[in-house]
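These notes are about the structure you will find just below.
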Protein chains: 2
Amino acid sequence: MKITKASDYALRVVGFFATAEKNRYYMRNELSEICSVPDSFLGKILQHLVKSGILESERGKKGGFRLSKNPEDITLYDIIRSVEGEIVINECLVEGNACKISGNCKIHNVLDQVRCNLINELKKVNVSNLV
Amino acid sequence: MKITKASDYALRVVGFFATAEKNRYYMRNELSEICSVPDSFLGKILQHLVKSGILESERGKKGGFRLSKNPEDITLYDIIRSVEGEIVINECLVEGNACKISGNCKIHNVLDQVRCNLINELKKVNVSNLV
DNA sequence: ATATTTTAAGATAAAAAAACTCTTTTTTAA
DNA sequence: TTAAAAAAGAGTTTTTTTATCTTAAAATAT
């Protein structure tokens, strides 16, 4: 019931971009320093954020990372989803993974409700709310 | 962002008790079979549930486990809390663990809100709702 | 009393996931 | 064509989860 450190780091970085100079590219090692995130680990996290369209990147000299959307259009859910994959409260609800008792118990339905509610809460907050 | 298997197992067991013969003691190995939970792992889970007052136990012949409250008075939160400890959405919010940037960032406040909301949702559902 | 049955407690082991690193490749600009 | 940056993928270490096993303690039946 906890976000991973990768998510925490991602939130910091995207949160920083909301306050940063618009359109400027920041290099991985700059971001690493500014946000106190291990440099090479951050590399992986940034890749995820780029793949899911939250950041955009440019290689080579003058390269780096910057936001590819307005902060208002990026939610906490987007960021966590980007680095952790889909949020699932309990394993049994994962498709193709149904547990033996799933037919006749309500636990899973209830947990799925909790999950939907959690996701909605995370969608309510956008990155500009973090400034 | 997922409950542990121990929590899932605990939910099954307590859920079963809600449908089971009232006041009767069920032995660990019975519960293990009924709920499809590994016998010795279940031992540990049952200990947690007893310690937090959800179940009560009796040793020796005729011993076993049973509910020590009405199903209506046991919430999903109680059960998860019992086996996983306090729900924390992000590590930085754990006391004595404050991260360097905690003073000047809103991320943690926001995640704490999400956490409160999640806990409230889990408190809304009680074990009799699972029958 | 004593043997039997059951949970309690603690140590330990195996497996899985998380957290992080390193190396090689690709892209870009000067 | 060289230097600087991200991309990609493999690999490593650490931590957490998921169990198991063994010994102790308690309750009951005989």
Side-chain angles (χ1 to χ4, degrees), chain A residues 1-13 24-33 35-66 68 80 82-88 90-92 94 97 99, chain B residues 1-13 24-33 35-66 68 80 82-88 90-92 94 97 99:
Chain A
M1 287 311 242
K2 191 161 45 171
I3 61 171
T4 61
K5 272 203 174 153
S7 280
D8 187 18
Y9 293 159
L11 290 168
R12 288 190 211 176
V13 171
R24 178 186 150 187
Y25 284 108
Y26 287 84
M27 290 185 299
R28 191 185 62 201
N29 64 67
E30 289 182 275
L31 297 168
S32 162
E33 281 239 344
C35 304
S36 315
V37 178
D39 183 62
S40 40
F41 191 32
L42 182 57
K44 288 289 148 197
I45 294 166
L46 292 168
Q47 278 179 29
H48 284 297
L49 294 170
V50 169
K51 267 194 182 163
S52 49
I54 294 167
L55 300 183
E56 57 193 21
S57 64
E58 185 77 19
R59 297 185 189 193
K61 279 180 180 171
K62 307 218 165 166
F65 301 86
R66 67 182 182 192
S68 73
I80 294 172
S82 173
V83 300
E84 293 190 28
E86 193 51 80
I87 291 173
V88 167
N90 62 328
E91 201 57 42
C92 291
V94 178
N97 209 356
C99 81
Chain B
M1 289 308 245
K2 193 161 40 172
I3 61 171
T4 60
K5 269 199 177 161
S7 279
D8 188 18
Y9 293 159
L11 290 168
R12 290 189 210 176
V13 171
R24 177 186 151 186
Y25 283 109
Y26 288 84
M27 290 184 299
R28 193 185 60 201
N29 65 66
E30 287 182 277
L31 297 169
S32 163
E33 282 237 346
C35 303
S36 315
V37 177
D39 184 62
S40 39
F41 191 30
L42 183 58
K44 288 289 149 197
I45 295 165
L46 293 168
Q47 276 178 32
H48 283 296
L49 294 170
V50 170
K51 267 193 184 166
S52 48
I54 294 167
L55 301 183
E56 56 193 22
S57 64
E58 186 76 19
R59 297 185 189 194
K61 277 179 183 171
K62 306 215 165 171
F65 301 86
R66 67 183 183 192
S68 73
I80 294 173
S82 171
V83 298
E84 293 190 28
E86 193 51 80
I87 290 174
V88 167
N90 62 329
E91 202 57 44
C92 292
V94 178
N97 209 355
C99 80

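Only heavy atoms go into these numbers, but all of them, side chains included; no hydrogens, no water, no symmetry mates. Note that this is a predicted model, so its numbers are computed, not measured.
One atom, CG of A:Leu46, and another, P of D:dA7, lie 8 Å apart when rounded to the nearest Å. At whole-Å resolution of the value, NZ in B:Lys5 and P in D:dT20 are 11 Å apart. As rounded to whole Å, 13 Å separates atom P of D:dA7 from atom CG of A:Asp39. Per the geometry, CG belonging to A:Leu49 stands 14 Å off P belonging to D:dA6, to the nearest Å. Taking atom CZ of residue A:Phe41 and atom P of nucleotide D:dG11, one finds them 19 Å apart after rounding to whole Å. Rounded to whole Å, atom P of D:dA3 lies 18 Å from atom CG of A:Asn29. A straight line from CZ of B:Arg12 to P of D:dT18 spans 12 Å, rounded to a whole angstrom. Rounded to an integer number of Å, the gap from NE2 of A:His48 to P of D:dG9 is 12 Å.
In terms of position along DNA chain D, the nucleotide closest to A:Glu58 lies nearer the 5' end than the nucleotide closest to the other residue of the pair A:Lys44 and A:Glu58. Both B:Gly43 and A:Leu42 lie near DNA chain C, and the one whose nearest nucleotide falls closer to the 5' end is B:Gly43. Both A:Ile3 and A:Lys61 lie near DNA chain C, and the one whose nearest nucleotide falls closer to the 5' end is A:Ile3.
A donor-acceptor pair under 3.5 Å is formed between the side chain of A:Glu84 and the backbone N or O of A:Thr4.
Interatomic distance, B:Tyr25 OH to B:Ser57 OG, rounded to the nearest 0.5 Å: 7.5 Å. Interatomic distance, OG of B:Ser40 versus CZ of B:Arg28, reported as 7.0 Å (0.5 Å rounding).
Residues B:Ile45 and B:Val13 are not in side-chain contact: their nearest non-hydrogen atoms beyond the backbone lie 4.5 Å or more apart. Between B:Arg12 and B:Asp8 there is a side-chain heavy-atom pair separated by less than 4.5 Å. By the 4.5 Å heavy-atom criterion applied to side chains, A:Leu11 and A:Ile3 are counted as neighbours.
Using a 4.0 Å heavy-atom criterion, one finds that A:Ser57 contacts the sugar-phosphate atoms exclusively. Among the atoms of the strands shown, base atoms are found under 4.0 Å from some heavy atom of A:Ser40. When heavy atoms are screened at a 4.0 angstrom cut-off, A:Tyr25 is found touching no nucleic acid atom at all.
Comparing D:dT18, D:dA7, D:dT20 against the side chain of B:Thr4 picks out D:dT18 as the nearest. Of the candidate nucleotides D:dA29, D:dA8, D:dA26, D:dA8 has the atom nearest to the side chain of A:Lys51. Among D:dA6, D:dT20, D:dT18, the nucleotide with an atom closest to any side-chain atom of B:Ala6 is D:dT18. The nucleotide whose nearest atom lies closest to any side-chain atom of A:Arg59 is, among D:dT18, D:dA4, D:dA7, D:dA7.
You'll find a donor-acceptor pair under 3.5 Å spanning the side chain of A:Gln47 and the base of D:dA8, going by distance alone. Judged by atom type and distance alone, A:Arg28 does not reach the base of D:dA6 through any side-chain donor-acceptor pair under 3.5 Å.
Listed by first and then second residue, the salt bridge (charged side-chain N to carboxylate O under 4.0 Å, His left out) pairs involving residues 45-66 of chain A are A:Glu56-A:Arg66 (not counting sequence neighbours).
By the neighbour-count criterion of 12 heavy atoms within 6.0 Å, atom CD of A:Glu30 is densely surrounded, having more than that number from other residues, nucleotides or ligands.
Chain B approaches DNA chain C within less than 4.0 angstrom (heavy atoms of the protein), and the contacting nucleotides run 5' to 3' from C:dT5 to C:dG10.
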